[in-house]
**Q** 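What follows is a single structure, and I will ask about it in a moment.
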Amino acid sequence: KQEVTQIPAALSVPEGENLVLNCSFTDSAIYNLQWFRQDPGKGLTSLLLIQSSQREQTSGRLNASLDKSSGRSTLYIAASQPGDSATYLCAVRPGNQGGKLIFGQGTELSVKP
Amino acid sequence: NAGVTQTPKFRVLKTGQSMTLLCAQDMNHEYMYWYRQDPGMGLRLIHYSVGEGTTAKGEVPDGYNVSRLKKQNFLLGLESAAPSQTSVYFCASSHGTSGKLFFGSGTQLSVL
């Protein structure tokens with residue numbers, strides 16, 4: 001059974017720091033992996049989508065990497081800002097389960113001014 | 001510019017009452033999903049659909065039913081609400097298995 005883990009559960013950093021959020025999964029047979037952002041009381045917004053054949057995706061100050069063999073993905077945020085404060089979730093789409101996505105529990109990020 | 005729209009945004013039910021949550025998407029996506037989000041449990045898939053007229057069970061389907069009569073709509077029904085169904089419900093859609101998931105803004109449901 002695929003399981004997705006995100007560590008740490010919470011992270012607090014001063015503004016301007018570069019930071020890395022981690023996501024691990026137990027079964028390397030995935031179709032793709034997505035990183036989402038969720039603000040309090042809101043829905044999820046997709047940040048980056050990495051297909052299984054890709055190693056990384058970049059969008060602005062965000063860079064996501066994927067290492068299927070080790071079952072890991074990282075989300076790198078450069079020059080963090082208070083507006084980056086939110087919960088970040090990763091989700092994998094298992095390769096043999098059609099429409100399902102399996103979510104991690106998320107990392108709650110707080111960027112202090 | 002609507003994306004995924006959920007109605008209602010808030011609802012309070014008494015135990016045993018029924019209700020239907022509506023999800024509508026205007027992106028012509030084949031896949032649609034219903035998730036619930038609970039503190040400490042994360043997001044859990046209730047039911048999903050890979051196309052009009054088809055539905056499938058997710059991780060926590062008990063107590064819920066769904067219908068996908070039109071491609072753009074995915075309905076989630078609670079026939080006899082229970083306090084354990086108090087949660088935030090999210091609908092999402094995607095263009096097949098390779099596309100990004102787009103989420104609605106959620107429905108806060110309380111069952112007393």
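Residue numbering restarts at 1 for every chain, and letters A, B, ... go by the order of the sequence lines.
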**Q** Of all heavy-atom pairs between A/Thr26 and A/Gln2, which one has the smallest distance, and what is that distance?
**A** N-OE1, 3.0 Å
**Q** What heavy-atom pair brings B/Phe90 and B/Gln6 nearest, and what distance separates the two atoms?
**A** CA-OE1, 3.5 Å
**Q** Are the side chain of B/Gln37 and the backbone N or O of B/Val88 linked by a donor-acceptor pair below 3.5 Å?
**A** no
**Q** Going by heavy atoms in the side chains, are A/Leu75 and A/Cys23 under 4.5 Å from each other?
**A** no
**Q** Is chain A contacted by the side chain of B/Ser94, its backbone, both, or neither, given a heavy-atom distance below 4.5 Å?
**A** side chain
**Q** Is B/Met32 in contact with chain A via its backbone, its side chain, both, or neither, using a 4.5 Å heavy-atom distance?
**A** neither
**Q** Using only atom types and a distance under 3.5 Å, with no angle test, would you say the side chain of A/Ser73 pairs donor to acceptor with the backbone of A/Ser65?
**A** yes
**Q** List, one per line, each side-chain donor-acceptor pair under 3.5 Å for residues 5-22 of chain A, sequence neighbours excluded.
**A**
residue: A/Gln6; atom: OE1; partner: A/Cys90; partner atom: N; Å: 3.0
residue: A/Gln6; atom: OE1; partner: A/Gly106; partner atom: N; Å: 3.0
residue: A/Gln6; atom: NE2; partner: A/Tyr88; partner atom: O; Å: 3.0
residue: A/Asn18; atom: OD1; partner: A/Ala79; partner atom: N; Å: 2.8
residue: A/Asn18; atom: ND2; partner: A/Tyr76; partner atom: OH; Å: 3.4

**Q** Could you name the residues of residues 65-76 of chain B that have a heavy atom within less than 4.5 Å of a heavy atom in chain A?
**A** none
**Q** Whether the A/Ser46 and A/Gln34 side chains hold a donor-acceptor pair (N or O, under 3.5 Å, no angle test) is what I'd like checked.
**A** yes
**Q** Would the distance check show the side chain of B/Gln85 and the main-chain N or O of B/Gly63 forming a donor-acceptor pair, the cut-off being under 3.5 Å?
**A** yes
**Q** Need one label for B/Lys9: side chain, backbone, both or neither, based on atoms under 4.5 Å from any heavy atom in chain A.
**A** neither
**Q** For the residue pair A/Lys100 and A/Arg93, establish whether any side-chain heavy-atom pair is separated by less than 4.5 Å.
**A** no
**Q** Between B/Ser87 and B/Met41, is any pair of side-chain heavy atoms under 4.5 Å apart?
**A** no
**Q** Using a 4.5 Å heavy-atom cutoff, which residues in residues 101-112 of chain B come close to chain A?
**A** B/Leu101, B/Phe103, B/Gly104, B/Ser105
**Q** Per the disulfide (SG to SG under 2.5 Å) rule, what does the pair list look like for residues 11-112 of chain B, sequence neighbours excluded?
**A** B/Cys23-B/Cys91
**Q** Please look at A/Ile50 and chain B and tell me whether the side chain, the backbone, both or neither of the residue comes under 4.5 angstrom of a heavy atom of that chain.
**A** neither
